[in-house]
Amino acid sequence: MSDDTAPSIFSRIIAGEIPADIVFDDDRVIAIRDIAPQAPVHLLVIPKTDAYRDVVELAAGDPALLAHLVATASSLADELCGGQFRLVFNTGAEAGQTVFHVHAHVLGGGLEEGHLA
Ligand code: 5GP
């Protein structure tokens with residue numbers, strides 16, 4: 001059973017309570033490799049704050065942080081998959097969102113047609 005008040009899995013990774021393969025870390029975001037990759041490169045770029053459940057809340061509440069998240073995704077894609085990537089924000093359970101702490105999927109390195117994380 002999920003508990004909406006408990007720290008998200010991503011907050012626990014950011015706090016160092018759960019290990020992750022961290023590829024980038026600064027004062028505002030962290031980027032990790034997805035535990036169940038759906039593409040040769042599959043990263044999650046995650047704001048450190050847990051104030052926003054999804055990208056719609058983030059865009060309304062802190063557009064500069066959203067821009068920083070996108071810039072981070074782009075520079076990691078430059079480094080890891082030639083600068084071409086798909087950026088996916090699942091928004092809502094029926095759209096496939098399972099962790100309600102906003103995060104971007106960065107998918108690259110050879111994608112199959114129709115891939116949506
Ligand atoms: P969502 O379904 O909410 O858009 O994306 C959540 C993503 O988090 C999924 O792709 C899932 O594989 C990934 N994920 C869930 N738990 C963990 C974890 O403990 N570590 C890592 N690295 N990724 C996780």
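Every number for a ligand or one of its atoms is a count from 1 in the order of the listing.
- Residue-ligand proximity: F10 is placed with a non-hydrogen atom under 4.0 Å from ligand 1.
- N90 has its side chain within reach of H105: a pair of non-hydrogen atoms, C-beta onward, lies under 4.5 Å apart.
- You'll find the side chain of L65 reaches within 4.5 Å of the side chain of V29, heavy atoms only.
- Taking every heavy atom of H103 and a limit of under 4.0 angstrom, the matching atoms of ligand 1 come to 1 (P), 3 (O), 4 (O), 5 (O), 6 (C).
- Put simply, the side chain of L69 reaches to within 4.5 Å of the side chain of L58, judged on heavy atoms.
- Close N/O approach between L44 and ligand 1 is not found [any backbone or side-chain N/O within under 3.5 Å].
- At a 4.0 Å cut-off, not a single heavy atom of Q38 sits close enough to ligand 1 to count as contact.
- Proximity of a side-chain donor or acceptor of T91 to a complementary backbone N or O of F89 within less than 3.5 Å is detected.
- Taking only nitrogen or oxygen atoms, main chain and side chain alike, V99 reaches within less than 3.5 Å of ligand 1.
- For N90, every heavy-atom contact with ligand 1 shorter than 4.0 Å involves the side chain, none the backbone.
- The shortest heavy-atom distance from I18 to ligand 1 is not under 4.0 Å.
- Taking 4.0 Å as the cut-off, G96 counts as a neighbour of ligand 1 on heavy-atom distance.
- Salt bridge annotation for D25-K48: present, with a cationic side-chain nitrogen under 4.0 angstrom from a carboxylate oxygen.
- Those atoms of ligand 1 with a heavy atom of I9 less than 4.0 angstrom away are 19 (O).
- Side-chain contact check for V106 versus L87: some heavy-atom pair is nearer than 4.5 Å.
- Q38 places no side-chain N or O within 3.5 Å of a backbone atom of L107 that could act as its donor or acceptor partner.
- Each of the atoms 21 (C), 22 (N) of ligand 1 lies under 4.0 Å from some heavy atom of I32.
- Considering backbone and side-chain atoms alike, T98 places an N or O below 3.5 Å from some N or O of ligand 1.
- Of all atoms in ligand 1, numbered sequentially from 1 with element shown, those under 4.0 Å from a heavy atom of I13 are 20 (N).
- Taking a cut-off of under 4.0 Å to the non-hydrogen atoms of A36, the atoms of ligand 1 that pass are 12 (O).
- Residues satisfying the ring pair (Phe, Tyr, Trp, His ring centres under 6.0 Å) test with F10, not counting sequence neighbours, are H103.
- In terms of polar-atom proximity, defined here as any N/O pair under 3.5 Å, Q97 makes no such contact with ligand 1.
- The ring-ring contact (aromatic ring centres under 6.0 Å, His included) contacts involving residues 43-74 comprise nothing, where partners must be two or more places apart or lie in separate chains.
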